[in-house]
Number of protein chains: 2
Amino acid sequence: MKVKRTPTDTAIIEAAFEVFSANPGASLGDVAERAGVGRATLHRHYRSRDTLIVVLMKQALAELDDAVDRATAGAASYTDMLRLALGAMVPLAERQLFLANEQVDRDPEIAAAFHDGRKTLIATIEAARAEGTFAADIPATWIATTFDTLVYAAWTQVRDGEATHRQATDLAWRTLTRGLAGDAP
Amino acid sequence: MKVKRTPTDTAIIEAAFEVFSANPGASLGDVAERAGVGRATLHRHYRSRDTLIVVLMKQALAELDDAVDRATAGAASYTDMLRLALGAMVPLAERQLFLANEQVDRDPEIAAAFHDGRKTLIATIEAARAEGTFAADIPATWIATTFDTLVYAAWTQVRDGEATHRQATDLAWRTLTRGLAGDAP
DNA sequence: CTCAGATGATACATCTTTGTCTCATGAAGG
DNA sequence: CCTTCATGAGACAAAGATGTATCATCTGAG
């Protein structure tokens, strides 16, 4: 399922991420300019605006999957897997945010991938709960939502220069695990 | 500083919140239709698109201030104040999200109000920390960011029918306070 | 009833964006 | 040297959004 990309392809994709993250309503002219490419060339590579957006969404999903898979390869437990995934997701949060702001259901393949990702997250959370990481009385959906929002929180912290990637990741993990731990009064 | 609003005014404002929340790039024609008024009438009330957006942003800020002020009027402590504010903010999260998606610096007054709100939150967090609610070694900016994102998380939980407002608020508060508490191993 | 004010509908000019097409250029490879 | 291919630049038509202006209608106050 790999897609070959020329340097021009990737320049356009990268520029589009940057421009659309800052302003989702930006024009294709803005994207082309950022990519250092003529507007006609952009259209030669991606027929329409919709085409480009769908490619961006698939790219963001693929990057996320890839980063998480690589980071969690050596996980010692489901809990560890969550911790490693969190760290891997923080630098990609901006593109995830881009994904979230677009209508996920533009493309059925993307909607399915999105749904799958959530299901996997929930399953991992349940497995980590069995390891004693999370309290029994907390809905898995809440844990999953908290996980996602803490990834975003950590990313903003790094973006604003308030913490390093390592510090922000540790804070998010601490907040998640202590906040939703099983013991406590 | 109160602004009088005719029923038509408020119908347009409400419609604009709904439409722009779903699709920030929607046209004024969409807004007018949702409000049940002619497009010309919309322009009679709000000269331009920018004018309307600025009014929406001020409105969202005012609603937030108002709700938080009313909810925290009888707070017994700074910690309690945060808890009550959290509950009050959850139902307004969608409009806060709208605010966050717009460029806050379109209007200096809005930028100032935004900055003020953050400063107040940080101050309240420090006061709550002095009450023993938060650990000494956690940056106040992280606590504030976590607070904001947990408000959003609680709102999505309610929106998706996964919890009642009360349940979601309790979960968010539990996550925040246990996650960032002062004792712990 | 009468009149002022608000509205809906509509037409209109303008602007921006989009997508297509053409043509000249320039680089790479045979 | 010659051919091929991607590109940049620009012209172009079509579509959509924006903001203004006009006119007929309706409603409520006096």
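Everything quoted here is computed from the prediction, not taken from an experiment. Sequence lines set the chain letters: A, B, ... in the order given, protein chains first and strands last, and positions in each chain run from 1.
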Practice problem: For D:dT7, take OP1 and OP2 only and decide whether either is under 4.0 Å from a side-chain N or O of A:T41. | Solution: no
Quiz prompt | Parallel, tilted or perpendicular: rings of A:F98 and A:F17 (30°, 60°) | solution = perpendicular
Practice problem: Look at the side chain of A:R39 against the base of C:dG19 and say whether a donor-acceptor pair falls under 3.5 Å; ignore hydrogens and angles. | Solution: yes
Exercise. Establish, with yes or no, whether the OP1 or OP2 oxygen of D:dT7 is under 4.0 angstrom from a side-chain nitrogen or oxygen of A:T8.
Key: yes
Self-check item: d(CD, B:E33; P, C:dA9) in whole Å
Solution: 11 Å
Quiz item: Just how far, in rounded Å, is P of C:dT18 from CG of A:L42?
Solution: 10 Å
Self-check item: B:D148/B:R118 salt bridge by N-O under 4.0 Å criterion
Solution: yes
Practice problem: Please check the phosphate of D:dT7 (OP1 and OP2 only) for any side-chain N or O of A:H45 closer than 4.0 Å. | Solution: yes
Exercise. Specify the separation, in whole Å, of atom CG of B:D30 and atom C1' of D:dA17.
Key: 10 Å
With the criterion being N/O to N/O and under 3.5 Å, what pairs connect the protein with nucleotides 21-26 of chain C, and how long is each?
from   : atom 1 : to    : atom 2 : distance (Å)
C:dT22 : O4     : A:R44 : NH2    : 3.4

Practice problem: To the nearest 0.5 angstrom, please state how far the CG atom of A:D80 sits from the OG1 atom of A:T124. | Solution: 12.5 Å
Exercise. Name every residue in residues 13-25 of chain A that has at least one heavy atom under 4.0 Å from any atom of DNA chain C, in order of residue number, or write none if there are no such residues.
Key: none
Self-check item: B:D30/B:R34 ion pair, N-O < 4.0 Å
Solution: no
Quiz item: Which pair of heavy atoms, one from B:L82 and one from B:A128, lies closest together, and at what distance?
Solution: CD1-CB, 3.8 Å
Quiz item: With nearest nucleotides of DNA chain D determined for B:R47 and A:D9 from heavy-atom distances, which residue corresponds to the more 5′ nucleotide?
Solution: A:D9
Practice problem: State which residues pass salt bridge (Lys or Arg N to Asp or Glu O under 4.0 Å) with B:R95; sequence neighbours excluded, sorted by chain then number. | Solution: B:E14, B:E63
Exercise. Starting at atom CZ of A:R5, determine the distance to atom P of D:dA6, rounded to an integer number of angstrom.
Key: 17 Å
Quiz item: Nearest heavy-atom pair of A:A85 and A:T72: which atoms, and what distance?
Solution: N-CG2, 3.8 Å
Quiz item: Can you find a side-chain donor-acceptor pair between B:R44 and B:T41 that sits under 3.5 Å?
Solution: yes
Practice problem: Return the minimal non-hydrogen interatomic distance between B:A11 and B:A35, and the atom names on each side. | Solution: O-CB, 3.7 Å
Quiz item: Over how many whole Å does the gap from A:Y46 atom OH to D:dT7 atom P extend?
Solution: 11 Å
Quiz prompt | Nearest-Å distance for atom pair NE2/P, residues A:H43 and D:dG8 | solution = 13 Å
